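Have a look at the structure below before the remarks.
Worth saying up front: this structure is predicted, and the values here are computed from it rather than measured.
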Amino acid sequence: MKLIFKSAIIFILFVTITNAQTGTRLVDFNAKSIGRGGTSIGVFDSNNLLMTNPAGISFLNNSAIDVNLSLMFPKVHFKNSINDADGDDNVFPLPSLSYVNKYQDSNFSWGIGFFTYGGMGADYKLNHNLFRDMATGKFIQQEYHSQIALMQGGLTAAYKLSENLSVGASLHLVYSTLEFAMPYSLKPSIMKGMAMPGMTFGQMFGAPPQMGGFGYDEVTAYAKMSDLTALGFNGKIGIAYKVNENLSIGLNYSSPITLTYKDGKADMDMTAQLMDGFGKAVMGYMMQNPGSTQQQAQGAIMSQFAQMGIDLSKGAAATYDMEAELSFPQSFGFGLSYKINRDFMVAADFEYLNWADAFDKMSLKLSNGNNPNINKMIGSSSMNIDFPMNWENSLLIKVGVEYNATPDLALRVGFANGANPVPSSTIFSIFPAVVENHITAGLSYKVSAPLTINAALEMGLENSVDGSKPHVLAHEYEGSTSTLSTTLLHLGVSYNL
């Protein structure tokens, strides 16, 4: 009978899997709390409180070490008029390590921990209307890649003001890495260099053909941004209150994280855009000079480009030094837990995430461009670009239950809902952080008095967002559909000292 019971529990866990993201932030940070939907602000039972409510460590029974490893398996899909593609099957490891020191004869407790805060990543091979073989017209697929990761950790202190009330605070160092690679489109007005007296390159590329221009309302370069790293700080404060033996409540605040990514490199290749413009100019010349050959037209246009300071033999690819600025949101949380009886507990968290002030834009600073053609068209060897994001605030609601099936085995299930913060006007293929609903399940098994193994599986239910028309970033995202679901496996070990 026991074997059947345990087999049934294992089966339930393996078919009840969940995602742990809201925007780019994880729903929660260890296997124990994830099993019950990520509820932890008002549940004072693990080192996870270092991240979610530092005051709660005052009510832990023992000093403890907690080690967790999670594996994230995102599934992404992108569709527009010329693509219908799955992204690569990536796996992201998400480790954490923490220690809490609980003094038995003191109101003071402290802890130290390092956690994976969150992130996002996707990889595709996609078609783009600009990137085609000149001879056949067939698409040349481009790499679309993103990866952003955040780790944070540091010290936490908590103090019991009374038998039932505690306050606490954490000060964390944040480390982050950032990478992007994709065709990147901007308005022609970015090209401020003078093509001829009274006309910038931006005006020439944007003007309609009947006025001597190319008729572009966006210009595109293949951009690859890499080696970007940043350090920042995050502060947390919390209040933990045990109303009685059955009811506990908690409040927390986490400060915004402002990051400046430095020492990066950006490769910008405008070859496809320049060659497309060159082809339009050749066709225009041949229409205006019906007796000319294509070779004559090409020679004439090359001469015109040379007069504008563009030497086509030097190409249109450049390398820049790069910095980027990006913020992650402040949050306010409230949580509670209630023990219905000795073996059964319910819990809920409510958390407000201020994405609107954080992911309003990403500021990019490119300097020391090494291609004279691009420098001539841009009007400088440097560019400052604001990448619009316009994310919206969201409310994250988490509910969970925990049942002590035996003195050594605890079972958990939960649900979390966080409104999608990504608007249709800025959704794009490699940053589809749009999952809203999460289902979770987990268990803990006490191997011995000090040692407990925690496990959880999670599934972020598939969600899609359609790109608006017009789209803020580029034409390729107009009417597109970006889809995300995520599976996570969590395993943790807690050791009481």
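- With rounding to the nearest 0.5 Å, the separation of OG1 in Thr116 from CD in Gln152 is 10.0 Å.
- A side-chain donor-acceptor contact under 3.5 Å links Gln330 and Asn354.
- Of all the heavy atoms in Gln273 and Thr220, the pair that sits closest is OE1-N, 2.7 Å.
- Note that CG of Asp349 is 5.0 Å distant from OG of Ser40, once rounded to the nearest 0.5 Å.
- Within the 4.5 Å cutoff, no side-chain heavy atoms of Asp360 are placed close to those of Trp355.
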Item checked: Full working for side-chain contact (heavy atoms from CB on, under 4.5 Å) between Phe44 and Ser248 -> CA-CA 8 Å; Phe44 313 138; Ser248 298; 3.6 Å; yes

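- Judged purely by distance below 3.5 Å, without hydrogens or angles, the side chains of Thr229 and Tyr261 never pair a donor atom with an acceptor atom.
- Between Pro423 and Glu392 there is a side-chain heavy-atom pair separated by less than 4.5 Å.
- Among residues two or more places apart in sequence or in another chain, the ring pair (Phe, Tyr, Trp, His ring centres under 6.0 Å) test is passed with Phe387 by Tyr184, Phe428.
- Put simply, the side chain of Val174 does not reach to within 4.5 Å of the side chain of Phe233, judged on heavy atoms.
- Rounding to the nearest 0.5 Å gives a distance of 4.0 Å between NE2 of His490 and OG of Ser70.
- Considering only heavy atoms from C-beta on, Thr260 comes within 4.5 Å of Lys262 through its side chain.
- Here the CE-CG distance, from Met377 to Leu274, works out to 5.0 Å after rounding to the nearest 0.5 Å.
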Only distances under 3.5 Å count here; give the side-chain donor-acceptor pairs of residues 472-484 to other protein atoms, sequence neighbours excluded, each with its distance to 0.1 Å.
| from | atom 1 | to | atom 2 | distance (Å) |
| --- | --- | --- | --- | --- |
| His475 | ND1 | Glu478 | OE2 | 3.2 |
| His475 | NE2 | Asp217 | OD1 | 2.7 |
| His475 | NE2 | Asp217 | OD2 | 3.1 |
| Glu476 | OE1 | Tyr144 | OH | 2.7 |
| Ser480 | OG | Tyr477 | O | 2.8 |
| Thr481 | OG1 | Asp466 | OD1 | 2.7 |
| Thr483 | OG1 | Ser464 | OG | 2.6 |

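- Taking the six-membered ring for Trp, Trp110 and Tyr159 have ring centres at least 6.0 Å apart.
- A donor atom on one side chain and an acceptor atom on the other are not found under 3.5 Å apart for Asn48 and Ser46.
- For Asn417, the side chain to side chain donor-acceptor pair (under 3.5 Å) test picks out Asn437, with sequence neighbours left out.
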Margin query: Could you go through Lys224 and Glu179, starting from their C-alpha distance and side-chain angles, then the distance that decides it, and tell me whether this counts as salt bridge (Lys or Arg N to Asp or Glu O under 4.0 Å)?
Written below: CA-CA 8 Å; Lys224 185 175 183 179; Glu179 298 176 358; over 6 Å; no

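- Ring-plane geometry between Phe214 and Phe305 is classed as parallel, the angle between the planes falling under 30 degrees on a 0 to 90 degree scale with a further cut at 60.
- For the salt bridge (charged side-chain N to carboxylate O under 4.0 Å, His left out) condition, the pairs that include at least one residue of residues 29-53, sequence neighbours left out, are Lys32-Asp45, Arg36-Asp45, Arg36-Glu402.
- No side-chain heavy atom of Val435 sits under 4.5 Å from any side-chain heavy atom of Leu461.
- Side-chain contact check for Ser425 and Asn390: no donor-acceptor pair (N or O, by modelled atom type) lies under 3.5 Å.
- A salt bridge does not link Lys75 to Glu462: none of the charged nitrogens lies less than 4.0 Å from a carboxylate oxygen.
- For the residue pair Asn368 and Tyr320, no side-chain donor N or O sits within less than 3.5 Å of a side-chain acceptor on the partner.
- Applying the ring pair (Phe, Tyr, Trp, His ring centres under 6.0 Å) rule to Tyr253 yields the partners Phe332; only residues at least two apart in sequence or on another chain are considered.
- Looking at Asp28 and Lys398, a side-chain N of the basic residue comes within less than 4.0 Å of a carboxylate O on the acidic one, giving a salt bridge.
- Of the possible donor and acceptor atoms, none in the side chain of Thr200 sits under 3.5 Å from a partner among the backbone N and O of Gly193.
- Side-chain atoms of Ser382 and Ser367 include no donor-acceptor pair closer than 3.5 Å.
- Put simply, CD1 on Ile397 and CG on Leu395 are 4.5 Å apart, with the number rounded to the nearest 0.5 Å.
- Heavy atoms from other residues, nucleotides or ligands lying under 6.0 Å from CE of Met211 number 12 at most.
- Taking the side chain as every heavy atom from C-beta outward, Val413 and Thr440 never approach each other to under 4.5 Å.
- Between the side chains of Asn68 and Asp66, at least one donor N or O sits under 3.5 Å from an acceptor N or O.
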Next item on the list: Verify side-chain contact (heavy atoms from CB on, under 4.5 Å) between Leu259 and Leu150, making sure each step is shown before the conclusion.
Entry: CA-CA 10 Å; Leu259 297 173; Leu150 284 89; 4.2 Å; yes

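- Between Asp386 and Lys361 there is a salt bridge, since a side-chain N of the basic residue sits under 4.0 Å from a carboxylate O of the acidic one.
- The shortest distance between side-chain heavy atoms of Phe73 and Asp89 does not fall below 4.5 Å.
- Between the side chains of Asp86 and His77, a donor-acceptor pair is found at a separation under 3.5 Å.
- Looking at Asn393, its side chain does come within 3.5 Å of a backbone N or O of Ala356 through a donor-acceptor pair.
- Tyr216 pairs by the side chain to side chain donor-acceptor pair (under 3.5 Å) definition with Asp276, not counting sequence neighbours.
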Check: Run the side-chain contact (heavy atoms from CB on, under 4.5 Å) check on Thr156 and Ile57 step by step: do they pass?
Finding: CA-CA 9 Å; Thr156 294; Ile57 66 172; 4.0 Å; yes

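- Not one N or O on the side chain of Ser170 forms a donor-acceptor pair closer than 3.5 Å with the backbone of Gly235.
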Next item on the list: Take Gln142 and Leu126 through the test side-chain contact (heavy atoms from CB on, under 4.5 Å) and record every step on the way to the result.
Entry: CA-CA 5 Å; Gln142 302 297 301; Leu126 297 177; 6.0 Å; no

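- Residues Asn30 and Ser96 bring no donor and acceptor atom of their side chains to less than 3.5 Å of each other.
- The side-chain heavy atoms of Met51 and Lys236, taken from C-beta on, include a pair separated by under 4.5 Å.
- Distance check, rounded to the nearest 0.5 Å: CD1 of Ile237 to OG of Ser255 gives 9.5 Å.
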